[in-house]
Participant: 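Here it is, the structure, as structure tokens.
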Amino acid sequence: MNAQILHADHLLTMDADNTVIAQGAVLIDQNGLIGATGTAAQLSAQHPGVPVRRLANRLLMPGLVNTHAHSGLLRGTAEGLPVWEWLQQHIDPMHRVLNAEEAEIASRLCYAEALLSGTTTIVDMWRYMDGSARAASDLGIRAVLVPYVAEHPDHNYFETLDTNEALIERWHGRAEGRIQVWVGLEHMFYATPQAWRRCAEMSRRHQVGFHTHSNESRFDVEETQRRHGMRPIQALEEFGLLDAHHVMLAHCVWPSEEEMDILAARRIGVAHNPVSNMKLASGAAPVEAMLARGIAVGLGTDGEKENNNLDMFEEMKTASLLAKLSRLDAAALDAWSVCRMATIGGARALGLDKTTGSIEAGKSADLIALRTDTPRMTPLIGGADGNLHHNLVHAVQGGDVDMTMVAGRIVVENGQLLSGDLAHAIAQVNRAVPPLFERRAEWLRLNGTIDALHA
Ligand SMILES: [Zn+2]
């Protein structure tokens, strides 16, 4: 690729000072890295031979980091239940009958939806993830692939630590470094003590992260206390799971003070999923208390079945509203904190903050352009006293994303996916879903509802 300069009306860098540059520009080198930022006048004077691409009526900002998602095919079909009943009646029976082809189709749709709404890095916990790796490789998204591992006789239909390790060996670091493969675990309850030890050991040996769901609901807390006499994050620590190379936990809705101290002391990343936590009636995570302790908190949409979309701008707004409502404080979780969680905070939670999450020299050119010539972006006032960050959190939607670039490659332009055939991906999902649902219904007829807890 050739070096180029992108010049937009506003450049939001999300550097340490949340710098916004009017008539700002980014130099992108031939390796897809950010060479420099500044005003358009400065950069074109310093780099006279480099072509300038003018993005009129556009705001450039870092691509969003979705720290917790699931590819999936159940959108709008698993509604109105709290987490554990929902797992037993809809989700686990689907996992029993899902095949590799359906899993890949789901990932193609998921990554297309993410890129179109401004996400350039996604953490995907899913199944048969060779297909997900191919989808990420083709579509151009930066992906952290985390297999849904279960190591328990009652859950012998999920991924295993063996298939997880094979995926690490095949795909970690591939696609010019865009693909990472971590060690995943659906939930502590889905594995044996021996498997817990192996999760951490495998993560250290391969120098990859470890990701699981923890402390999602009050039930999760009570059940862990009943089984182990301690709270979920204390149990993860007690059983060695926090000794992994790097740990990022989804949810953390009900952490005690002691659990938050553990998260901070061990530099554990957290994925905050406000839409999912509201929809499944899980609760309101103490985001500000975690941020105040220096914990790296990112935002995640969770899956298509618990959100029901992957729009990170909607997640930003919901994070803000949930914090304000749950504390009855209109000043709770200010807009800049939310912007940071969706970008550099998420990258920190993943240990990827040297690569992505802000527009700064040396990082990968993972960035998005938003239309500013829309009613919901108007008026747009830059500068320290402006409203730009408030518009981003409370007004913008994913459909306002005009251009998405990952590692210097434009994958969405004029709001259209360039890196894949979107119509084909949608048609494939629509074809795949009826037979999948038929097989799930057949399985439930023969076996009845699963006791996901095998308690
Ligand atoms: Zn999840």
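Keep in mind the model is a prediction, meaning the values are calculated, not measured. We count ligands from 1, going down the list as the structure has it; atoms in each ligand are counted the same way.
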Participant: Consider side chain to side chain donor-acceptor pair (under 3.5 Å). Of H172, H245, E165, which one does H206 pass it with?
Facilitator: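 Exactly one candidate clears the test, E165.
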Participant: Taking D400 for its side chain and Q397 for its backbone only, find out whether a donor-acceptor pair lies under 3.5 Å.
Facilitator: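 Flag set: sc D400 to bb Q397 pair under 3.5 Å.
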Participant: Is there a donor-acceptor contact under 3.5 Å linking the side chains of H213 and H68?
Facilitator: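 Yes, a side-chain donor-acceptor pair sits under 3.5 Å.
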Participant: What N/O/S atom of D302 is the closest to the Zn ion (ligand 1)?
Facilitator: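 Nearest N/O/S atom: OD1.
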Participant: How wide is the angle at the Zn ion (ligand 1) between NE2 of H68 and NE2 of H213, to the nearest 10°?
Facilitator: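 That angle works out to 90° after rounding to 10°.
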Participant: Does any N, O or S atom in H251 come within less than 2.8 Å of the Zn ion (ligand 1)?
Facilitator: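 No N, O or S atom of H251 is closer than 2.8 Å to the Zn ion (ligand 1), so no.
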Participant: Parallel, tilted or perpendicular: which describes the rings of W336 and H389, with under 30° parallel and over 60° perpendicular?
Facilitator: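 If you compare the ring of W336 with that of H389, the planes turn out parallel.
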